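To keep things clear, I will list the structure first and then write my remarks on it.
Computed from a predicted structure; not experimentally measured. Just so you know, these numbers use all the heavy atoms, side chains as well, and skip hydrogens, waters and symmetry mates. Each chain gets a letter, A, B and so on, in the order the sequences are listed, and its residues count up from 1.
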Number of protein chains: 2
Amino acid sequence: MGNIQKIADELGLSTATISNALSGKGRVSAENIQRIRARAQEINYFPNPIARALKTGRSDIIGLVMPDLTQPLFPIFARSIENAAEQSGLGVLIADSMDNPDAQKEAIDRLVRRGVDGLIVIPQRGSSVATTSVPMAVIHTASHPQNTASANHFQGGQLAAATLLEAGHRAILLVGFDPLSEVQQDRVAGMVSRLTGQAEYEIIWLAGMAEGDLKSALRRHSALIATSDSLAMQAMNLAQASGLSVPAELSIVGFDDLPFSQHLRPALTTVRPDMPAIAHHAVRYLASSLEDKGSSVVAKSFDMALVSRDSVARPAPLSSSRLLSRFSTTAKSQPNRKVKR
Amino acid sequence: MGNIQKIADELGLSTATISNALSGKGRVSAENIQRIRARAQEINYFPNPIARALKTGRSDIIGLVMPDLTQPLFPIFARSIENAAEQSGLGVLIADSMDNPDAQKEAIDRLVRRGVDGLIVIPQRGSSVATTSVPMAVIHTASHPQNTASANHFQGGQLAAATLLEAGHRAILLVGFDPLSEVQQDRVAGMVSRLTGQAEYEIIWLAGMAEGDLKSALRRHSALIATSDSLAMQAMNLAQASGLSVPAELSIVGFDDLPFSQHLRPALTTVRPDMPAIAHHAVRYLASSLEDKGSSVVAKSFDMALVSRDSVARPAPLSSSRLLSRFSTTAKSQPNRKVKR
DNA sequence: TTGTATGCGTTATCAA
DNA sequence: TTGATAACGCATACAA
C-alpha cells in the first residue's frame, strides 16, 4: 500500500492522472487507465480515506445513536444499519446514549465532533432530538414529527389484535410497560382501534406495578398482547407459574421477534418490524441529504408482519379447565374492569 | 465553529501559536493561552479530526468486528467497548462479520481501509484471524494463542460446578451447543475439572441433536449446567414442559447473564463475564500498541462471577416427588451413560 | 489527454 | 515566546 504519488512516479505520470483514472471522472486514455488500474491492484492501493475526506469535506461515515446498546433490539438494528450503510459505501460509528436524554445529546455531539456526515438516531422514550449541524434520520414512530423511518406500530397493533380476533378471542388483555413510550402507545392504539366494538379489552401498564395485579388480570382474559417480547415472556412465565396453560388457557402475542422468542415454550407468536427495510430507508434518506440539499427522500413507515408460532390458540370453552383452574386458585376473583376509550 | 485560522486572525496571532496553546504542547505565554482558550470556547471550536488525522497519521478510531451482531451477547460487548474506547478518546466503527470466516476477513479489510488505528475482534467459532497491518486485540479464550482479553471461561465452568456441588448435587448434566466453539469447550473443561471425582456427569452437545435425547438426559440428573443462558432457557422450558419442576427436581445454571435471564421462571442462576473489565483491557492494549511499538500490556483473562438467583436448589431426596414424576412419565428409563475423561 | 498548482485544517520544524 | 512554512494524501481548476 502506497499513495497516489507512488503510482505516479512508477508510471511516469502525474498524480492528477492517477486520481482521474482511479475515480473514473477525468478523461484519461484507455491505455493509461489500464496500466494505472493494474498497478493499483498490484500494490494493493486504496485511496487514503482521511485525505480524501479532508479534501472533499465528506468522511463517508455516519453515526448511530441508540438509547441503550444493551437493549435486545439493538443488534437487529445495528446489523441492518451496518449492512445498509456498507451498501452505500458508508461506515458506521456507534454511540451509546445510556438511556438518558443528556447523554443522548452528549453522544450526538461526540459523533458530530468526530466528523460524521450524518446521524441515525433512535431516541429515548418520550424524548425529542435537538437538531444538529449534520443531517439526521430518526427512527421513531410514524406519529412523531421528526420521524424519517419507522415500523408501522399502529398497523402492527391492529395485526396482533386481528390475529386474536380471528382465533375467536373476545376478552383481551393489552400489556405495556411504559405509557411514556410513543412506540408502545402507537402499538396499543392500533390494538384498540381494531378491538373496539369487537371484543372486551383492558390496558395495563407494568411500570411500577405490582406483579399480583398482572396475575389477576391474566385470569380475566383468554388472550394477551404485550408491547414487546420481553414483556410477553414475563407474562408467559407468570401465567405458567400460576397454573395457567399457554396457549390452551391463555393465548399470547408479543412484539419485535427478539432472538429468544422462538425458544420459548410455547414458541412465541409475535409481530416483527421490517428492520432491513427501515434501516435501508434511513440510510437512503441520509445519503440523499448528503448529495443534494433538498433531500428528496420522504419519511416512511413500514408495515409489520405476523410471525405465527405456537402461543396462540382458540379460546377454551367456558366450561373447560379454565374455570376449574380459576376455582383452584387462591386469587380472589375480581369484577371485570374494562377500559374503553 | 470555525478553524484554527479563524482564531488566529481574530486574535492577531499565528496558527502555530493557536495550535500550541490548544494542545498545551508548545510554549505559549500564559496570557495568550488564556485568550486563545477563551476565544475557542466562545466560537465552540473543536479541531477538525480529519485534518488532524491526516497530519498525525492517527484517526483515533478503532474497529469492532463481531461474528454476528444478532447474538444476544453483542449488545453487552458493544456497550462496554464503546464506553472504554470513549474514555480513551477513541471512536468505534462497527462491522458485521456475518458468522462466516470469509465475511470476517472482508469486514476487517473494510475497517482497515477506512483508516482505523486498530481492531477489536471477536472471532467466529473455531476460526483464527489473519494478521493485519494495524494492531489487533482479540477477545477469545485464554487458551487461544491470539487472545488478548477474555473471560476466564475455565474458571467460570469450575464456579458453576462448585455451586452445584455445594448445593449437594452428585449427578450433573453438562449441556453445550457446538463442540467446535472454543469458548464452550473451555467452559465445559472447567466444569469437568471441578466435577471429576466429586460427582457423576454427562456431556451433551445439542447441535444437530434430537430434542428427545436432551429430554431423557434431563431425567437422569438432578442438575444441569448449560454453556449459555440461551441453552439454559431452552433446557428449562423443555424440563418444565415435560413435567419437571425447576429447581425442585432440576437445578439449572447458565452462562453470560443475558438480559432475559432475570425474567425467567425461576430467575436463572448464571455465570457472568466481566465485560467492562474485558473491554477496558482490550482497549488499553490497543491504545498502548498505538503509543509505543513494544506493546507493554499483556494478555489477560478475567474471572467470571456467579449471579445467584432462583434456579438452583438442593436436590430432592431420592424418595421424593422426583421419583414419582419419573414413574408418571412415558419416557423410558435409560441406563445411565456417564461420560468421563 | 496530461500536467501543474492549489488547498482542505492541522501539526511540527525551524528560524526569528 | 512567536511566526512563517512545509507536509500529510487527495481532488480539482486550469493550463498546456
Can you see whether B:Ser59 engages B:Asp117 through a side-chain donor-acceptor pair at a distance of less than 3.5 angstrom?
yes
Taking only side-chain N and O atoms of B:Ser19, does any of them lie within less than 4.0 angstrom of OP1 or OP2 on C:dT10?
no
Side-chain N or O of A:Lys25 closer than 4.0 Å to phosphate OP1/OP2 of D:dA11:
no
B:Arg27 CZ - D:dT2 C1' separation (whole Å):
10 Å
Is A:Asn32 near enough to C:dT1 that one of its side-chain N or O atoms lies under 4.0 angstrom from OP1 or OP2?
no
Establish, with yes or no, whether the OP1 or OP2 oxygen of D:dG9 is under 4.0 angstrom from a side-chain nitrogen or oxygen of A:Asn48.
no
Please determine whether the number of non-hydrogen atoms from other residues, nucleotides or ligands lying under 6.0 Å from atom CD of B:Glu42 exceeds 12.
yes
Check whether the side chain of B:Lys55 and the base of C:dT11 form a donor-acceptor pair under 3.5 Å.
yes
Are more than 12 heavy atoms from other residues, nucleotides or ligands located less than 6.0 Å from atom CZ of B:Arg272?
no
State, without any angle test, whether B:Asp9 and B:Gln5 hold a side-chain donor-acceptor pair at a distance under 3.5 Å.
yes
Atom-to-atom span, CD1 of B:Ile33 to C1' of D:dT2 - whole angstrom
13 Å
Can you check whether A:Arg52 has a side-chain N or O nearer than 4.0 Å to OP1 or OP2 of D:dA11?
yes
Starting the side chain at C-beta, find the nucleotide from D:dT12, D:dC10, C:dT2 nearest to A:Pro47.
D:dC10
Show your working on side-chain contact (heavy atoms from CB on, under 4.5 Å) between A:Thr148 and A:Ile120 and close with a plain yes or no.
CA-CA 10 Å; A:Thr148 45; A:Ile120 295 185; over 6 Å; no
In whole Å, what is the span from the CD1 atom of B:Ile36 to the C1' atom of D:dG3?
12 Å
Integer-rounded Å distance: D:dA11 C1' and A:Asn3 CG:
14 Å
Pick the closest DNA chain D nucleotide for A:Leu54 and for B:Thr15 by heavy atoms, then say which residue is nearer the 5' end.
B:Thr15
D:dG9, OP1 or OP2 - any side-chain N/O from A:Tyr45 closer than 4.0 Å?
no
Taking only side-chain N and O atoms of A:Thr17, does any of them lie within less than 4.0 angstrom of OP1 or OP2 on C:dT2?
no
If we only count heavy atoms from C-beta on, is the A:His140 to A:Glu182 side-chain gap below 4.5 Å?
yes
Considering heavy-atom distances to DNA chain D, does B:Gly12 or B:Ala51 have its closest nucleotide positioned more toward the 5' end?
B:Gly12
May I have the distance from B:Leu22 (atom CG) to C:dT11 (atom P), rounded to whole angstrom?
8 Å
Expressed as a whole number of angstroms, how long is the span from B:Glu31:CD to D:dT1:P?
12 Å
Between the opening five pairs and the closing five pairs of the helix from C:dT1-D:dA16 to C:dA16-D:dT1, how far apart are the helix axes, to 10°?
50°
Polar contact flag, side-chain donor to acceptor under 3.5 angstrom, B:Asp186-B:Ser143
yes
Taken to the nearest whole Å, CG/B:Asn20 to P/C:dC14 is 15 Å
Applying a 4.0 Å non-hydrogen cut-off, can you work out what A:Gly115 is touching in the nucleic acid: base, sugar-phosphate, or nothing?
nothing
Check step by step if side-chain contact (heavy atoms from CB on, under 4.5 Å) holds for B:His280 and B:Gln87.
CA-CA 9 Å; B:His280 193 256; B:Gln87 279 175 33; 4.2 Å; yes
To the nearest Å, how far apart are A:Lys6 NZ and D:dG9 P?
12 Å
Given C:dT2, is OP1 or OP2 found less than 4.0 Å from the side-chain N or O atoms of A:Ser29?
yes
Looking for any heavy atom pair under 4.0 Å, which part of the strands does B:Leu13 touch: base, sugar-phosphate only, or nothing?
sugar-phosphate
Would you mind telling me which of D:dA4, C:dT10, D:dT2 lies closest to the side-chain atoms of B:Ala16?
D:dA4
